[in-house]
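This chain uses plain numbering: 1 for the first residue, then up along the sequence.
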Amino acid sequence: MRVNTLKRVAVAFALALPGAAIATVIAAPAAYADGCYTWNRTLTQGRSGDDVRQLQIRVAGWAGYRDIVENDGRYGPKTAAAVKRFQQAYGLRADGIAGPQTFAKLYQLQDNDCTPAHFSYGELDNGCGGSGWSGGPLSANQTKQNALRTMWKLEALRKGLGDKPLYVSSGFRSRACNNQVGGASDSQHLYGNAADVTSRTSSLCQVARGARNNGFSGIYGPGYPDHDDHVHVDSRRENNRDDSSNTTSWSAPDCGVGN
């Protein structure tokens, strides 16, 4: 995890200011520009563009039970609902409108490379100890972008579990790595869409049950073969490049998690 300390202090200060003062601070992008992304307008339903798409990446983990937030650049009801859940989770005014306070919290959470505060690219590229982002069905850039979305979902899952650490035991796998570990031939790990996670403070069943609210359409945990020591989460429903149907598949029988 890489943390820009000065940025986080400045944004924390901004979050403590009254609304008018926040608007004044946010109007100066240089105060928050972090090498990743800076929003320059308030986003509401009906808006569209790359700024909406960037927001959707970061609120994908607040989709709600059994749902997903499409990364389509259109600010529709699902995006608004996810923003509202994000706002509620972080003690902001929960109106479903992405404005200065919402962006200030996102700036506080994201590092210079766009990863969320508690996860890193290195952590997600560890299927066989780290091999870069090539060697899968997609380009390295596409795979890395999928991994970024996966991390933001994990950040939301972590928040829902009381802001306690989650540990990724397997993230992206190249084809060679996937073969080495005996993964499924069309595993979501190949696309950067999946992570196997553990926790030292929450039970695996708590993790599996919590993941149902964080945009994960694939969940496998205790009671599913070979998943009694971790929880697998993925975004198969959003993957149009694999050989599987875009459906939800949950199986953690010991936790009461199923389709």
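Judged purely by atom type and a 3.5 angstrom limit, Gln145 has no side-chain atom pairing as donor or acceptor with the backbone of Ala140. Judged by distance alone, with hydrogens and angles left aside, the side-chain atoms of Asn179 form a donor-acceptor pair with the main-chain N or O of Arg175 at under 3.5 Å. No donor-acceptor distance shorter than 3.5 angstrom exists from the side chain of Arg236 to the backbone of Thr247, with no hydrogens or angles considered. A donor-acceptor pair is defined here as one N or O able to donate and one able to accept, closer than 3.5 Å; such a pair exists between the side chain of Arg53 and the backbone of Asn71.
Taking 4.0 Å as the cut-off between side-chain N and carboxylate O, Arg173 and Asp196 count as a salt-bridged pair.
A perpendicular orientation is assigned to the rings of His227 and His232, their planes being inclined by more than 60° (bins at 30° and 60°). Taking the six-membered ring where tryptophan is involved, the planes of Trp39 and Tyr37 are perpendicular, since the angle between them exceeds 60° and thus also 30°.
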Going through the distances and angles, do Glu238 and Lys153 end up as a salt bridge (charged side-chain N to carboxylate O under 4.0 Å, His left out)? CA-CA 13 Å; Glu238 300 165 68; Lys153 290 185 179 185; 2.6 Å; yes

Evaluate side chain to side chain donor-acceptor pair (under 3.5 Å) for Asp51 paired with Asn40, printing each intermediate quantity in order. CA-CA 8 Å; Asp51 51 0; Asn40 295 308; over 6 Å; no

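In this structure, Met151 CE and Thr115 OG1 are separated by 5.5 Å, a value rounded to the nearest 0.5 Å. Interatomic distance, CG of Asn214 versus CG of Asp67, reported as 12.0 Å (0.5 Å rounding). Tyr220 OH to Asp234 CG: the interatomic distance, rounded to the nearest 0.5 Å, is 7.0 Å. Atom NE2 of His118 sits about 11.0 Å away from atom NZ of Lys164, to the nearest 0.5 Å.
Taking 4.5 Å as the limit, some side-chain heavy atom of Tyr107 sits within range of a side-chain heavy atom of Thr38. The shortest distance between side-chain heavy atoms of Ser235 and Gln188 does not fall below 4.5 Å. Looking only at side-chain heavy atoms (C-beta outward), Leu166 and Leu161 come within less than 4.5 Å of each other. Between Val181 and Cys128 the shortest side-chain heavy-atom distance falls below 4.5 Å.
A side-chain contact (heavy atoms from CB on, under 4.5 Å) with Phe216 is found for one member of Ile68, Asn193, Leu154 and no other, namely Leu154. Applying the side-chain contact (heavy atoms from CB on, under 4.5 Å) test between Ile219 and each of Val207, Val231, Thr248 identifies Val231 as the sole match. The one candidate from Thr143, Asn146, Asp242, Asp186 that meets the side chain to side chain donor-acceptor pair (under 3.5 Å) condition with Tyr191 is Asp186.
Counting all heavy atoms, side chain and backbone alike, Ile57 lies closest to Trp152 at O-CB, 3.4 Å.
The local environment of NZ in Lys84 is sparse, with at most 12 non-hydrogen atoms from other residues, nucleotides or ligands closer than 6.0 Å. Within a 6.0 Å radius of CZ in Arg93, other residues, nucleotides and ligands contribute 12 heavy atoms or fewer. Atom CG of Asp226 is surrounded by 12 or fewer heavy atoms from other residues, nucleotides or ligands within 6.0 Å.
Relative to the six-membered ring of Tyr167, Arg200 meets both conditions, a distance below 6.0 Å and an angle of at most 45° to the axis. Relative to the ring axis of Tyr90, Lys159 places its NZ or CZ within 45° and under 6.0 Å from the centre. Annotation: cation-pi pair Arg66/Trp250 present, NZ/CZ under 6.0 Å from the ring centroid and within 45° of its normal.
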